[in-house]
Protein chains: 2
Amino acid sequence: MQFASTVNNAEKTSRKVHDDQIYDQMFAAILQQRLTPGTKLSEDTLGEIFGVSRTVIRKILQRLAYEKVVQILPNRGAFVAEPSAEEAREVLYARRVVEAAIMRLAVKSHSKEDLKTLERNLEAEAKTIEAGQHSDWVALSGNFHLLLAEIASNRTLADYLRELVSRTSLIHIQYQSNKIANQSCSCDEHADIIEAIRERDEDKAVALMERHIEEIEKSLNLDGRGAASDLYEIFGASGGVQG
Amino acid sequence: MQFASTVNNAEKTSRKVHDDQIYDQMFAAILQQRLTPGTKLSEDTLGEIFGVSRTVIRKILQRLAYEKVVQILPNRGAFVAEPSAEEAREVLYARRVVEAAIMRLAVKSHSKEDLKTLERNLEAEAKTIEAGQHSDWVALSGNFHLLLAEIASNRTLADYLRELVSRTSLIHIQYQSNKIANQSCSCDEHADIIEAIRERDEDKAVALMERHIEEIEKSLNLDGRGAASDLYEIFGASGGVQG
DNA sequence: TCTTGATTTATTGTATACAATAGAGATACT
DNA sequence: AGTATCTCTATTGTATACAATAAATCAAGA
């Protein structure tokens with residue numbers, strides 16, 4: 001599966017590409033939940049796995065840290081990020097803002113070809129839902145938003161959105177509530193958005209998108225204590241365990 | 001002069017701080033136009049200047065590159081960025097979007113103390129204009145916007161704005177037109193914005209901010225050929241020089 | 001004289017060696 | 001037994017050595 005704009009800049013020198021391949025693998029591993037929040041990312045280990053020295057691993061970790069997907073603690077090393085509930089709310093607010101702007105641009109400037117691309121993505125989403133391939137669906141769902149950013153053709157906003165989408169994936173992992181029911185709704189919401197774009201109804205498309213992101217936020221469990229304190233819920237609110 | 005949030009994360013290990021000091025110096029040098037767009041940033045030279053190895057310089061250059069203040073060309077090295085006219089328009093559009101959102105938050109959540117901070121900054125701006133200290137004014141003017149981001153207390157948006165403001169400084173250097181007259185107006189525009197915030201008139205404050213950023217864009221010379229082709233203007237549109 | 005090509009040189013890219021730090025574990029003491 | 005301190009070890013942070021690349025210089029030919 002190939003998604004939009006995984007690699008950004010990179011004039012294609014054979015060496016640079018190698019770096020980006022490792023980056024892509026780590027990035028994908030985190031978003032597909034094969035690396036879960038809090039996991040230690042040892043430089044030596046990663047170096048051995050990918051057959052490169054710590055030098056190049058460190059560079060990649062710093063990039064991931066800048067994108068807030070990884071957290072680097074001085075003298076302690078790198079860990080898969082564990083976004084707080086507050087950070088989650090910030091990210092979703094930022095997404096509402098950025099995606100509304102992208103939507104206005106996309107509605108104005110989209111071509112028929114763009115609509116087809118969106119529809120192809122939508123079909124793929126539907127298939128993964130039917131097949132119950134959850135992590136594939138998460139990726140495709142994020143990709144829908146990134147496609148819109150590409151259509152809007154504002155590189156700056158697109159870069160921000162890419163960052164926000166990947167952070168949202170991490171947030172989903174940490175704060176997914178049991179009522180995942182309305183995640184399948186999201187597919188319909190995407191369909192409605194495509195329709196509004198086709199009609200070139202800017203305000204409607206923006207409203208739908210804002211509502212869509214609100215739904216995402218609602219589907220999260222941001223109110224209780226954070227994931228770190230979940231032990232209280234897990235073991236019930238009662239007193240001692242050994243007593 | 002100390003500006004808002006130059007250093008972001010940095011748990012204060014003595015070593016980490018050292019890195020950030022070098023980063024701050026380079027960042028400031030670029031924004032104060034002591035390093036102009038296109039300047040080569042040699043790793044060896046910078047290492048000698050700051051008394052560290054290339055390792056740490058490379059890390060800093062990569063961070064600056066991620067912030068789009070520096071451009072890294074594979075096997076060629078790092079250069080102070082030379083934003084294109086298209087990039088300039090993108091950045092200013094992104095600013096309009098991000099700052100409108102920040103403004104809504106700031107209007108809602110500001111304290112009296114915040115208003116005083118903004119007014120102190122405004123006074124400092126006025127002084128630098130009187131004294132004709134142009135580069136100081138540019139810095140303070142940018143700082144006004146960063147203060148608003150702090151008041152809004154959405155770290156994600158604040159980080160984006162910080163990046164956008166520094167890129168705007170570079171854009172100003174490359175595309176400043178001769179009609180710098182309305183730059184002094186900006187000070188008044190800031191004053192109006194503070195007033196709207198005090199009145200807690202959200203829509204008015206947002207409208208003023210959007211207009212303010214449009215003014216900034218208007219004051220730039222984005223329509224003609226880019227800075228690279230400026231030689232044509234400089235030597236006139238005529239034919240040969242030697243003939 | 002201008003262009004084309006090979007050679008040299010300067011600079012970046014990567015690996016590795018060494019230094020500094022933090023955490024784990026052991027030991028001594030209360 | 002529990003706590004505090006010390007030592008040791010594993011890992012990160014930094015410097016440096018070496019490899020690879022690109023551009024600058026120089027030479028040769030048209």
Side-chain angles (χ1 to χ4, degrees), chain A residues 7-26 35 38-66 69-82 228 240 242-243, chain B residues 7-26 30 35 38-82 228 240-243:
Chain A
V7 170
N8 292 337
N9 34 13
E11 315 207 349
K12 273 144 196 169
T13 311
S14 58
R15 182 160 300 153
K16 245 289 185 186
V17 167
H18 190 216
D19 281 21
D20 284 326
Q21 282 172 349
I22 297 173
Y23 165 84
D24 283 340
Q25 284 193 55
M26 292 184 59
L35 285 171
T39 305
K40 175 73 188 291
L41 300 171
S42 156
E43 297 178 358
D44 268 328
T45 309
L46 289 169
E48 278 180 28
I49 290 171
F50 292 110
V52 294
S53 77
R54 284 174 52 215
T55 309
V56 43
I57 295 293
R58 280 175 75 83
K59 186 165 70 177
I60 292 168
L61 287 174
Q62 277 157 23
R63 180 171 166 197
L64 290 166
Y66 200 96
V69 172
V70 153
Q71 182 185 22
I72 293 180
L73 301 177
N75 287 314
R76 303 262 330 270
F79 303 82
V80 179
E82 303 175 278
Q242 296 179 342
Chain B
V7 170
N8 292 337
N9 35 12
E11 314 206 350
K12 271 142 196 169
T13 312
S14 58
R15 183 162 298 154
K16 244 291 182 183
V17 166
H18 189 217
D19 281 22
D20 285 327
Q21 283 172 348
I22 297 173
Y23 165 84
D24 282 341
Q25 286 192 53
M26 292 184 59
I30 292 173
L35 284 171
T39 304
K40 174 73 186 290
L41 300 171
S42 155
E43 297 177 358
D44 268 328
T45 310
L46 289 169
E48 279 182 28
I49 290 171
F50 292 109
V52 293
S53 77
R54 285 174 51 215
T55 308
V56 44
I57 296 293
R58 279 175 76 83
K59 185 165 69 176
I60 293 167
L61 287 174
Q62 276 157 22
R63 180 172 166 196
L64 290 167
Y66 201 95
E67 294 173 348
K68 303 278 173 68
V69 171
V70 153
Q71 183 186 21
I72 293 181
L73 301 177
N75 287 314
R76 303 262 332 267
F79 303 82
V80 179
E82 303 175 278
V241 175
Q242 296 179 343

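Below, chains carry the letters A, B, ... as their sequence lines are ordered, and counting in each starts from 1. Owing to the predicted nature of the structure, the values given are computational and were not obtained by experimental measurement.
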Peer 1: Might you work through the side-chain contact (heavy atoms from CB on, under 4.5 Å) test for B/Thr39 and B/Ile30, ending with a clear yes or no?
Peer 2: CA-CA 10 Å; B/Thr39 304; B/Ile30 292 173; over 6 Å; no
Peer 1: What is the distance from CZ of B/Arg76 to C1' of D/dA22, rounded to the nearest Å?
Peer 2: 8 Å
Peer 1: Can you check the A/Lys59 NZ to D/dT12 P distance for me, whole Å?
Peer 2: 18 Å
Peer 1: Should B/Lys40 be listed as having a side-chain N or O under 4.0 Å from OP1 or OP2 of C/dA10?
Peer 2: no
Peer 1: At 4.0 Å (heavy atoms only), tell me whether B/Arg58 reaches a base, stays on the sugar-phosphate, or touches nothing.
Peer 2: base
Peer 1: For residues B/Lys40 and B/Gly77, report the shortest heavy-atom separation together with the two atoms involved.
Peer 2: CE-CA, 4.1 Å
Peer 1: Find every protein N or O atom lying less than 3.5 Å from an N or O atom of nucleotides 15-17 of chain D, and list the pairs.
Peer 2:
| residue | atom | partner | partner atom | Å |
| --- | --- | --- | --- | --- |
| D/dA15 | OP2 | B/Ser53 | N | 2.9 |
| D/dA15 | OP2 | B/Ser53 | OG | 2.7 |
| D/dA15 | N7 | B/Thr55 | OG1 | 2.6 |

Peer 1: Within this structure, what is the CD1-to-P distance between B/Ile72 and D/dT21, rounded to whole angstrom?
Peer 2: 18 Å
Peer 1: Rounded off to whole Å, could you give me the CD-to-P distance for the A/Glu43 and D/dG13 pair?
Peer 2: 6 Å
Peer 1: Taking atom P of C/dT11 as reference, at what distance in whole Å does atom CD1 of B/Ile57 sit?
Peer 2: 15 Å
Peer 1: How long is the line joining CG of B/Leu61 and C1' of C/dT11, in whole Å?
Peer 2: 13 Å
Peer 1: Determine the minimum heavy-atom distance between B/Tyr23 and B/Leu64, stating which atoms define it.
Peer 2: CE1-CD2, 3.4 Å
Peer 1: Any chance you could measure A/Gln62, atom CD, to B/Tyr66, atom OH, to the nearest 0.5 Å?
Peer 2: 12.5 Å
Peer 1: To the nearest angstrom, how far is A/Asn75 atom CG from D/dT14 atom P?
Peer 2: 8 Å
Peer 1: Tell me the closest heavy-atom pair linking B/Ala78 and B/Ile72, and the distance in Å.
Peer 2: CB-CG1, 4.0 Å
Peer 1: Determine the sole option in B/Lys59, B/Arg63, B/Arg58 for which the salt bridge (Lys or Arg N to Asp or Glu O under 4.0 Å) test with B/Asp19 is passed.
Peer 2: B/Lys59
Peer 1: May I have the distance from B/Ile60 (atom CD1) to D/dG13 (atom P), rounded to whole angstrom?
Peer 2: 14 Å
